[in-house]
Amino acid sequence: MTAIVASISSLKGGVGKTTTTANLGATASDVYGKRVLIADGDPQGHLSDWFGIERRPGLGFAELLNPPASGGPAIRDCLVQASEGVPLWVLPTSYTEMDEVEARLSSDSTLGGIWSVNRVLQPILEDFDLILLDTRPTLGNLTSAAMCASNVVIPITEPRVPSFQSTVAAVQKAERIKSMQNPALAVTGWILNKWADHKEARTVADLMRDNNIAAFQPVIGVGEYIPTAYMYGNPAVWQFPNHRGEHRNYAELTGNILATIGLGAGVA
């Protein structure tokens, strides 16, 4: 089976793309038994931090996208298993190198341009059931390349109007990619993250309803254990499995997303 590649997307920082990618990947592998790769496409590199993975010079996503003159690494040499016995691997990145990739994708045709991520992932598509791409919050080349490599885009927003507007822009970007480069690309329901019942949140809920935008259920609320887990180098679903809190909702959310994208059968 060829992996389903999914981009977690918004054009606003701080909405929880990386946190959500980490917890979805951990749950899809550990609870549902899927072979999962999560790829860190954001120069900040926080996805690697969520699993306590140290970046290794010369062995990261940036070097695969923009190989040095001496030759780049093999992608399988760059993957790091997140936890022994769990079918979850991370493709780490680093800070400055990914910024250099962003700039070079438009000027160096040998890298493959917006098809560069697709080029990198091709050798391992049969190794995984699901590949999650944590994208950067811009309309730049790396975002385009991630969407060109994807089967689905999963938009994510927090219940703030600027966040909603930025996620709409990400969906519009995906629709342009679909019409011009990747006709197989689909946009799923949205993930509604950091939910809290306040006036602006209700406004966003109204905007989603008025625009026929469905949110995956359950929504993920503001939970103290979700951000706290970062300091331990574990996603919350692993660090606090016996604590009650919003992170417990990731299991049901992940199951609903897997069913929607065609990976419904699992261990759960």
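Just so you know, residue 1 is the first one in the sequence shown, and it goes up from there.
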Side-chain H-bond candidate by donor/acceptor type, [X] with [Y], under 3.5 Å:
| X | Y | answer |
| --- | --- | --- |
| S7 | T135 | no |
| N249 | E246 | yes |
| S166 | S10 | no |
| K173 | S144 | yes |
| W238 | D30 | yes |

Output yes when a side-chain donor or acceptor of [X] lies under 3.5 Å from a complementary backbone atom of [Y], and no otherwise.
| X | Y | result |
| --- | --- | --- |
| H198 | A201 | yes |
| N66 | A62 | no |
| S116 | G113 | yes |
| N211 | I213 | no |
| T20 | K17 | no |
| T167 | I156 | yes |
| Y32 | A251 | yes |
| R119 | L64 | yes |
| T157 | I191 | no |
| H243 | Q239 | no |

Taking the side chain as every heavy atom from C-beta outward, state whether [X] and [Y] have any pair of such atoms under 4.5 Å apart.
| X | Y | value |
| --- | --- | --- |
| I226 | T19 | yes |
| K12 | P137 | no |
| I4 | D129 | no |
| F51 | P235 | yes |
| L263 | L130 | yes |
| F128 | L79 | yes |

Atom [atom1] in [X], atom [atom2] in [Y]: separation rounded to 0.5 Å?
| X | Y | atom1 | atom2 | value |
| --- | --- | --- | --- | --- |
| L37 | L132 | CG | CG | 8.0 Å |
| S163 | N193 | OG | CG | 9.0 Å |
| N256 | T188 | CG | OG1 | 11.5 Å |
| D40 | I53 | CG | CD1 | 9.0 Å |
| L105 | L65 | CG | CG | 6.5 Å |
| L253 | T27 | CG | OG1 | 8.5 Å |

same_hphob_cluster([X], [Y]) at 4.5 Å side-chain heavy-atom cutoff:
| X | Y | answer |
| --- | --- | --- |
| I131 | W115 | no |
| L258 | L88 | yes |
| L185 | I8 | no |
| V171 | V5 | no |
| L111 | L133 | yes |

Verdict with reasoning, F164 to E158, per side chain to side chain contact (heavy atoms under 4.5 Å, CB included): CA-CA 7 Å; F164 171 80; E158 60 181 339; over 6 Å; no
Heavy-atom closest contact ([X] atom, [Y] atom, distance):
| X | Y | value |
| --- | --- | --- |
| V187 | P155 | CG1-CG, 3.8 Å |
| V80 | R56 | CG2-NH2, 3.5 Å |
| N151 | A3 | OD1-O, 3.6 Å |
| A170 | M147 | O-CE, 3.6 Å |
| D197 | W195 | N-NE1, 4.1 Å |
| Q217 | V219 | OE1-N, 3.9 Å |

For I154 and I257: C-alpha separation, side-chain torsions, deciding distance, then whether side chain to side chain contact (heavy atoms under 4.5 Å, CB included) applies. CA-CA 9 Å; I154 304 176; I257 291 173; 3.9 Å; yes
Aromatic ring centroids of W190 and F216 under 6.0 Å?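 So the answer is no for these two rings.
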By the rule that ILVMFWY residues connect when side-chain heavy atoms come within less than 4.5 angstrom, directly or transitively, which residues belong alongside Y232?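 Y232 clusters with Y225, M231, F240.
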May I ask you to check whether over 12 heavy atoms, not counting those of E54, lie within 6.0 Å of atom CD?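 No - once you tally the heavy atoms of other residues, nucleotides and ligands closer than 6.0 Å, there are 12 at most.
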Consider side chain to side chain contact (heavy atoms under 4.5 Å, CB included). Of I177, I114, V153, which one does N182 pass it with?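 The residue from I177, I114, V153 that satisfies side chain to side chain contact (heavy atoms under 4.5 Å, CB included) with N182 turns out to be I177.
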Pair V15-K194, side chain to side chain contact (heavy atoms under 4.5 Å, CB included): steps then yes or no: CA-CA 8 Å; V15 301; K194 299 183 180 181; 5.9 Å; no
Do I38 and D134 pass the side chain to side chain contact (heavy atoms under 4.5 Å, CB included) test, and can you show the C-alpha distance, the side-chain angles, and the key distance before you say yes or no? CA-CA 7 Å; I38 51 179; D134 182 26; over 6 Å; no
Thinking salt bridges, do D127 and R35 make one under a 4.0 Å N-O criterion?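 No salt bridge links D127 with R35.
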